[in-house]
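Naming convention: chains lettered A, B, ... in sequence-line order (proteins, then strands); numbering from 1 in each chain. FYI, side chains are in, hydrogens and waters are out, and symmetry mates aren't considered; it's all heavy atoms of this structure.
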Protein chains: 2
Amino acid sequence: MGWGDLGAFGEPSKETPNLDQMASEGMLFLDFYTANPLCSPSRAALLTGRLPIRNGFYTTNAHARNAYTPQDIVGGIPDSELLLPELLKKAGYINKIIGKWHLGHRPQFHPLKHGFDEWFGSPNCHFGPYDNRALPNIPVYRDWEMIGRYYEDFKIDLKTGEANLTQIYLQEALDFISRQQASQQPFFLYWAIDATHAPVYASKHFLGTSQRGLYGDAVREIDDSIGKILKHLQTLGISENTFVFFTSDNGAALISAPKQGGSNGRFLCGKQTTFEGGMREPAIAWWPGHIPAGKASHQLGNVMDLFTTSLSLAGLQPPSDRQIDGIDLLPAILQGQLIDRPIFYYRGNEMMAVRVGLYKAHYWTWSNSWEEYGKGIDFCPGQNVSGVTTHTQEEHTTLPLLFHLGRDPGEKYPLSFASAEYQGVMERISGVVQQHKETMVPGEPQLNVCDKAIMNWSPPGCEKLGKCLKPPKSDPKKCFWPH
Amino acid sequence: MGWGDLGAFGEPSKETPNLDQMASEGMLFLDFYTANPLCSPSRAALLTGRLPIRNGFYTTNAHARNAYTPQDIVGGIPDSELLLPELLKKAGYINKIIGKWHLGHRPQFHPLKHGFDEWFGSPNCHFGPYDNRALPNIPVYRDWEMIGRYYEDFKIDLKTGEANLTQIYLQEALDFISRQQASQQPFFLYWAIDATHAPVYASKHFLGTSQRGLYGDAVREIDDSIGKILKHLQTLGISENTFVFFTSDNGAALISAPKQGGSNGRFLCGKQTTFEGGMREPAIAWWPGHIPAGKASHQLGNVMDLFTTSLSLAGLQPPSDRQIDGIDLLPAILQGQLIDRPIFYYRGNEMMAVRVGLYKAHYWTWSNSWEEYGKGIDFCPGQNVSGVTTHTQEEHTTLPLLFHLGRDPGEKYPLSFASAEYQGVMERISGVVQQHKETMVPGEPQLNVCDKAIMNWSPPGCEKLGKCLKPPKSDPKKCFWPH
């Protein structure tokens, strides 16, 4: 989902009454970011509070390449990383993930080995394979074992877009919350639905209900579900004791537009890029009785902050033996403070850009290669900012492209290098970047090696279902990351 | 101002608390349009309820050219046109215009000759001349006579952007409202401020207060002023008896961006064009106790509807001896009805596009000429939709470019000509267009002839002030309209 997909963020069809109400009862974050313009690294960052370059969710196979965890990826979340649910356990929390995990699908990466107590969902995304023949369809797990596969047992009709998965995920969430409330146990629910990822889907009740087509139907169903979850918390009488945060893992995928792609508002480009459209996210914090209603915050936030903020809410400290990038947002959320902090925009192993205050400096620019662009892959459809949305990797490390995101949220007008404003701002930003680079210790890259043999051929539980498939011979190779 | 300039419409700095509150207490119109992507024709349409092609605010000097009323324009609002204030008089209304008139500056076009009882403001825009030498600076009128000129008596500091005009206009509005309330007379106030038109200005108190730079300062001051006007109505106890509508006369002028230009959200291009960015407007209706609070409407609306709606509120009928394009929006505003009606997008003498439901068909596309574009005049900066944002006038009358504005508000993905959707929709739209064209009787074009002799050399009242200038010899010529 993208920044511009919510009515509260100016989507012209204004079809998200529940999220808009969540915002009017809580706090809207206008300057909230993901840690990466792609799914897996973003989710790894959320759960570890660390940049992907630190937690290993990046590749060194080529410069500045987006990488994630397809089925043949050998890596995943390292045991050495401490995930939010592992830490929350210390405070007695019961942790559940519903939906897409995406931090690796091999046994050692299973979410229940990384702090979660329950899981209903899949290790990978639901886009392909679709026929289970040449490659195994993605499994759906309940806790330790698979209970079926996408497109076999969990249908998504690729023609109509019909699938009832969001309804299943919703019911899982409501049930889990009811159980925790009944047992008086504190809980962490990571509700990681994926209906807005192509192939986009919605259940029958929502199909054809949006002005925006199928993508809008999916957004409407998510919006409706979130309304039901918040209502459920209120009905159970625990809304004033439950902190809820809504956000997305990357900008809307404009390559899927218009039928399956969302909106990044007036921001430049989309998913896969380090322009604002790729990384600025819709974000709402909700906690009745604690968060003042109807406020909007300009605090620079990041999905990694949810790690540190959640620990803070549970009365826990973040680990002190490693660099944590996420900050505690509670002073911003509860007291309206503005905490000064930079936002780093990474693509693979490269820091492409940094935001300090209202200024954003691009050290590298790239949308995608001419070769890919020539095949019709366009991360910035209809947009073309000369010298900015480039199809060759452009280095600006000696003279970064500087934008003022207040006057120019669309990153269209770089400041003049000769201006006093440029000089003054870059002096400050250079210091921030220097410190960041000097203290950076990259983790071992997890997204370098691919091997068809380790795909989801025979996930645990496949025997009971008669759904085990025979893996091919192991043949590890460098993964190819074109973007 | 553009569609995307309000927080309620997703402007990322969210700096319009008063307009956002006005929306939360009233009704937000998401699909509201101007009748023309330029100032004068738009205002003429608002006050007559008729398309510029009917009321004469267009040119036939060249095909599909934007035209307006600079100082040397010979034409203006014809006496044969019936303006909203003329009609409201029949119901006992006292009418005032504050700010920019722009329907002609020669004596016969004076607003007090067209139904207004009071005027404080100027006949033309405040952009140039600036030195009163070669050409006369624009006069500022109080009622029948000028009381000074821009840049002489009414300063706008072109370096700092400082000017206290919005404060003067605000005070004029508050005073007028107080007087009408005291005398128990119904009133119509047309508050036509122009601080967001380049050269953008704001008063000292607002300078430097916006994240968005000077343009944002101007928006903040307008927002603050509107808050004060609404508050004043409430304090006087007449808010439940006063209908207030906020909108703009054209999309944000992107040629003035980033320093002096606003935002059209995710819509394509800006002022001067018939893409959504040029003609879709922010719009809010407010009438406590009558309009349900916090609703958003998808009613297709147009500034011309304010004519018919205002008459309806005053218990009057629109004239029956001429074609009126504006419709009565009250069923949409008060009962939430959706009235089926088309929106026509004109540029000069050409119907460029039409919207029916969620579909928009372009019969002609043009941003501006290669020649102008080569000089750096760009109405679509950073945007480039192949075959759509063209620099030659492209005719599509036999096979219009069709967009679905719900799935594709940015007009990036024309529907396939071969699709069943295209065929079905175009059949319906063709009927609407055919009927429109068959019954169209264009008015006499008012914006064809220019003559330096009729500029504001010696407006009424100049003698008292010693501010009369000597006009040159009359030399009428065809006006040149490049866009």
- request: Indicate the atoms forming the closest heavy-atom contact of B:Arg266 with A:Ser263, along with that distance.
  value: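 Looking at all heavy atoms of both residues, the closest pair is NH1-CB, 3.2 Å.
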field: Taking every non-hydrogen atom, the tightest pair across A:Arg407 and B:Gly213
entry: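 Where A:Arg407 meets B:Gly213 most closely, the heavy atoms are CG-N, 3.8 Å.
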message: With a 4.5 Å cut-off on side-chain heavy atoms, are B:Leu28 and A:Lys14 touching?
response: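 Result yes, sub-4.5 Å side-chain heavy-atom pair found.
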- prompt: With a 4.5 Å heavy-atom cut-off, do B:Glu276 and A:Pro12 have their side chains touching?
  reply: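 No, every pair of side-chain atoms sits at 4.5 Å or beyond.
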query: Looking at A:Leu214, A:Leu268, A:Leu358, which has the largest count of heavy-atom pairs under 4.5 Å with chain B?
result: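 Greatest number of close heavy-atom pairs with chain B: A:Leu358.
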Between [options], who has the most heavy-atom pairs with chain A when the cutoff is under 4.5 Å?
options                      : value
B:Gly4, B:Pro258, B:Ala8     : B:Pro258
B:Gly216, B:Gly406, B:Gly294 : B:Gly406
B:Ala257, B:Pro17, B:Ser24   : B:Ala257

If you measure from [atom1] on [X] to [atom2] on [Y], what distance do you get to the nearest 0.5 Å?
X        : Y        : atom1 : atom2 : result
B:Asn384 : A:Ser386 : CG    : OG    : 11.5 Å
A:Asp31  : B:Gln211 : CG    : CD    : 6.5 Å
A:Glu11  : B:Leu30  : CD    : CG    : 9.0 Å

- request: Sort B:Phe267 into side chain, backbone, both or neither according to what part of it lies under 4.5 angstrom from a heavy atom of chain A.
  value: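 When you check distances to chain A, only side chain atoms of B:Phe267 fall under 4.5 Å.
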query: Tell me, side chain or backbone of B:Leu405 under 4.5 Å from chain A's heavy atoms, or both, or neither?
result: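 Interface part for B:Leu405: neither.
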Residues of residues 408-420 of chain B within contact distance of chain A, non-hydrogen under 4.5 Å: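 Listed by number, the contacting residues are B:Asp408, B:Pro409, B:Lys412, B:Tyr413.
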- request: Spell out the residues in residues 372-383 of chain A that have some non-hydrogen atom less than 4.5 Å away from a non-hydrogen atom of chain B, in order of number; otherwise answer 'none'.
  value: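 Answer by number: A:Pro381, A:Gly382, A:Gln383.
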